[in-house]
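The chains referred to below are lettered A, B, ... by the order of the sequence lines, with proteins before strands, and numbering in each begins at 1.
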Protein chains: 2
Amino acid sequence: MARQLMVDLYGCDEALLNNGEELQKIAHAMIESIGAKVLEEHIRKFSPIGITYFAVISTSHFSIHTWPENGYAAVDLFSCGDFNEDEFVETLKQAFSATDEKTQLIERSEVLK
Amino acid sequence: MARQLMVDLYGCDEALLNNGEELQKIAHAMIESIGAKVLEEHIRKFSPIGITYFAVISTSHFSIHTWPENGYAAVDLFSCGDFNEDEFVETLKQAFSATDEKTQLIERSEVLK
């Protein structure tokens with residue numbers, strides 16, 4: 001059984017959302033916080049602004065898509081490993097200095113229910 | 001506004017789910033079907049079985065995680081471009097020869113609602 005956590009972050013700093021290195025640092029900290037490891041990663045800068053960070057991790061994947069002009073970031077964690085979603089979201093919100101967030105948690109089951 | 005489509009595919013062929021090249025072909029066809037382009041991609045084989053395919057695409061991301069031993073694949077499309085979800089899911093189901101599927105569609109808004 002895997003779980004997919006989708007976090008929409010609002011009111012984030014525009015400069016942070018367009019800084020690939022800073023987003024990578026946040027991603028590494030978040031991935032480490034759940035005891036997973038980065039296996040592959042990509043940072044893609046879009047023109048004129050906006051970044052996609054994506055990592056294949058030992059327990060599935062972690063991604064960030066940013067819309068700096070809106071102060072918005074869409075973060076996804078797909079993990080077959082255990083994690084505390086409340087702690088994860090709170091740490092994420094602080095890392096992005098977000099003023100608001102919306103969280104959705106979905107179960108992805110390898111057995112049809 | 002972006003939409004995230006999560007498709008759980010059941011009853012798939014075990015050999016297909018452990019064949020990175022075949023999964024890549026399916027991914028390319030699916031990405032092309034929505035008019036998007038692959039910008040970066042990775043295929044990761046897990047030991048002893050299981051594959052993660054991930055692509056950063058022009059409209060966000062597309063991923064496949066497989067559990068061959070269960071005949072199960074978890075497919076994700078995160079897209080800020082338009083797409084027909086029913087057609088997408090039907091084509092996907094056929095490509096994987098899945099016997100059952102479960103679909104969840106979520107709106108990811110860059111404006112807090």
Side-chain angles (χ1 to χ4, degrees), chain A residues 1-12 17 37-47 50-76 78-80 98-113, chain B residues 1-12 17 38-47 50-80 98-113:
Chain A
M1 204 269 289
R3 286 184 303 158
Q4 187 156 358
L5 183 66
M6 288 156 282
V7 188
D8 295 301
L9 297 166
Y10 301 96
C12 308
L17 297 186
K37 284 182 183 162
V38 174
L39 302 179
E40 309 277 2
E41 66 181 344
H42 270 302
I43 304 170
R44 182 88 190 189
K45 296 195 119 195
F46 288 89
S47 179
I51 287 175
T52 284
Y53 171 89
F54 183 83
V56 176
I57 63 176
S58 47
T59 59
S60 287
H61 80 238
F62 177 82
S63 67
I64 304 172
H65 298 289
T66 72
W67 280 255
E69 68 277 29
N70 295 316
Y72 170 71
V75 178
D76 272 65
F78 186 122
S79 179
C80 53
T99 54
D100 291 287
E101 51 80 24
K102 182 178 169 187
T103 300
Q104 296 176 84
L105 183 65
I106 285 187
E107 187 180 309
R108 303 293 295 266
S109 175
E110 67 270 29
V111 181
L112 184 61
K113 290 180 182 175
Chain B
M1 204 266 288
R3 287 184 302 159
Q4 187 156 358
L5 183 67
M6 288 156 281
V7 188
D8 296 301
L9 297 166
Y10 302 97
C12 307
L17 296 186
V38 174
L39 302 179
E40 310 275 2
E41 67 181 344
H42 270 302
I43 305 169
R44 182 85 190 192
K45 295 195 118 194
F46 287 89
S47 180
I51 286 175
T52 284
Y53 170 88
F54 184 83
V56 175
I57 63 175
S58 46
T59 59
S60 288
H61 80 239
F62 177 82
S63 68
I64 304 171
H65 299 289
T66 73
W67 279 256
E69 68 277 30
N70 295 317
Y72 170 72
V75 178
D76 272 64
L77 171 65
F78 186 122
S79 179
C80 52
T99 56
D100 291 286
E101 52 78 25
K102 181 179 169 188
T103 299
Q104 296 176 84
L105 182 65
I106 285 187
E107 186 180 310
R108 303 292 294 267
S109 176
E110 67 269 28
V111 181
L112 185 62
K113 291 179 181 175

Portion of B:Glu69 that has a non-hydrogen atom of chain A nearer than 4.5 angstrom: neither
Shortest non-hydrogen contact from A:Phe46 toward B:Ser58: CE2-O, 4.0 Å
If every non-hydrogen atom of A:Tyr10 is compared with every non-hydrogen atom of B:Ser109, which pair is closest and at what distance? OH-O, 2.7 Å
Between the NE2 atom in B:His65 and the CD atom in A:Gln4, the distance rounded to the nearest 0.5 Å is 7.5 Å
Quick check on the interface: out of B:Lys113, B:Lys102, B:Glu101, B:His42, who has the most heavy-atom pairs with chain A under 4.5 Å? B:His42
Quick check for you: to the nearest 0.5 Å, what is the distance between B:Gln104 atom CD and A:Glu107 atom CD? 9.5 Å
Measure A:His61 against the heavy atoms of chain B and call it side chain, backbone, both or neither at under 4.5 Å. both
In this structure, which one of B:Phe62, B:Tyr53, B:Phe54, B:Phe78 forms a ring-ring contact (aromatic ring centres under 6.0 Å, His included) with A:Phe54? B:Phe54
Heavy-atom distance under 4.5 Å to chain A: side chain of B:Thr52, backbone, both or neither? side chain
Which atoms of B:Asp100 are under 4.5 Å from chain A, going by heavy atoms: the side chain, the backbone, both sets, or neither? side chain
At a 4.5 Å cut-off on heavy atoms, which part of A:Ile57 comes close to chain B: side chain, backbone, both, or neither? backbone
With rounding to the nearest 0.5 angstrom, report the OH to CZ distance, A:Tyr72 to B:Arg108. 5.0 Å
Looking at A:Ala74, A:Ala2, A:Ala73, A:Cys80, which one has more heavy-atom pairs under 4.5 Å with chain B than the rest? A:Ala74
I'd like to verify something: which residue of B:Leu9, B:Leu112, B:Val56, B:Val111 has the highest number of heavy-atom pairs under 4.5 Å with chain A? B:Leu112
